[in-house]
Amino acid sequence: VVSGNSVTDAEINGIWNNGSDNTTINNNTLTNNTVGVRINPSSGVVFTGNTITGGTTGAQVFDSTSSQVTNNTIYGVSGDGIYSSNNTGL
């Protein structure tokens with residue numbers, strides 16, 4: 001579980017889940033990070049209840065299966081709010 005964190009001005013990813021399955025990422029505040037949250041490749045990730053402000057991309061989800069992205073607040077990003085590529089069951 002990655003919960004209750006505040007990450008600001010990260011040059012790449014505020015939070016990066018790189019291959020950890022069945023992870024919950026919730027109730028985090030991410031501000032002005034290049035990418036707020038990056039998830040790849042993972043299975044069974046629950047990404048919910050986060051607030052992402054500013055930066056380039058709110059969340060990126062790549063090559064993941066059976067994951068959930070719900071009830072997040074994303075605003076003020078210059079690119080995609082949520083970018084999804086090559087996922088199954090998202």
Side-chain angles (χ1 to χ4, degrees):
V1 175
V2 179
S3 182
N5 299 287
S6 179
V7 181
T8 302
D9 296 327
E11 289 186 25
I12 301 177
N13 304 302
I15 295 173
W16 184 11
N17 180 32
N18 187 16
S20 293
D21 296 336
N22 303 311
T23 302
T24 298
I25 301 169
N26 69 332
N27 300 321
N28 297 287
T29 302
L30 301 129
T31 307
N32 294 327
N33 303 293
T34 301
V35 176
V37 175
R38 181 175 177 164
I39 300 167
N40 74 298
S42 301
S43 177
V45 174
V46 176
F47 173 60
T48 188
N50 300 283
T51 301
I52 301 172
T53 308
T56 304
T57 303
Q60 294 179 340
V61 185
F62 296 99
D63 303 321
S64 294
T65 58
S66 303
S67 295
Q68 300 175 37
V69 177
T70 60
N71 298 318
N72 297 286
T73 301
I74 300 171
Y75 60 95
V77 296
S78 62
D80 298 314
I82 298 173
Y83 180 83
S84 174
S85 177
N86 200 35
N87 297 296
T88 305
L90 180 64

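Note: hydrogens, waters and symmetry copies are ignored here, and every other heavy atom, side chains too, is used.
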**Q.** side chain to side chain donor-acceptor pair (under 3.5 Å) between Ser43 and Thr65, intermediate numbers included
**A.** CA-CA 5 Å; Ser43 177; Thr65 58; 3.1 Å; yes
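- Closest of all the heavy-atom pairs between Phe62 and Asn87 is C-OD1, 3.4 Å.
- The distance from the OG1 atom of Thr34 to the CZ atom of Arg38 is 12.0 Å, given to the nearest 0.5 Å.
- Both Val45 and Ile82 sit in one connected hydrophobic cluster of ILVMFWY residues. Membership requires side-chain heavy atoms under 4.5 Å apart, directly or through other members.
- A side-chain N or O of Asn26 and one of Ser3 form a donor-acceptor pair less than 3.5 Å apart.
- Side-chain contact of Asn40 with Asp63: a donor-acceptor pair under 3.5 Å is absent, judged by distance alone.
- To the nearest 0.5 Å, atom CG of residue Asn17 and atom CZ of residue Phe47 are 11.0 Å apart.
- Side chains of Thr70 and Thr48: a donor-acceptor N/O pair is present below 3.5 angstrom, by distance only.
- Rounding to the nearest 0.5 Å places CG of Asn28 at 5.0 Å from CG of Asn50.
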Q | side chain to side chain contact (heavy atoms under 4.5 Å, CB included) between Asn33 and Val7, intermediate numbers included | A | CA-CA 8 Å; Asn33 303 293; Val7 181; 3.7 Å; yes
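- Contact record, Asn32 with Gly54: OD1-CA, 3.5 Å, taken as the closest heavy-atom pair.
- Interatomic distance, CD1 of Ile74 versus CG of Asp80, reported as 10.0 Å (0.5 Å rounding).
- To the nearest 0.5 Å, the span separating OG1 on Thr51 from OH on Tyr75 amounts to 6.5 Å.
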Q) Going through the distances and angles, do Ser84 and Leu90 end up as a side chain to side chain contact (heavy atoms under 4.5 Å, CB included)? A) CA-CA 9 Å; Ser84 174; Leu90 180 64; 3.3 Å; yes
Q: Go through Val69 and Val61 one step at a time and tell me if the side chain to side chain contact (heavy atoms under 4.5 Å, CB included) criterion holds.
A: CA-CA 9 Å; Val69 177; Val61 185; 4.2 Å; yes
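- In this structure, Leu30 and Val37 have side chains that are in contact, with non-hydrogen atoms separated by less than 4.5 Å.
- Side-chain N/O atoms of Ser42 and Ser64 include no donor and acceptor closer than 3.5 Å.
- Rounding to the nearest 0.5 angstrom, the gap separating the CD1 atom in Ile25 from the CG atom in Asn72 is 9.5 Å.
- In the hydrophobic clustering of this structure, Ile39 groups with Val2; members are Ile, Leu, Val, Met, Phe, Trp, Tyr whose side-chain heavy atoms approach within less than 4.5 Å, directly or through other members.
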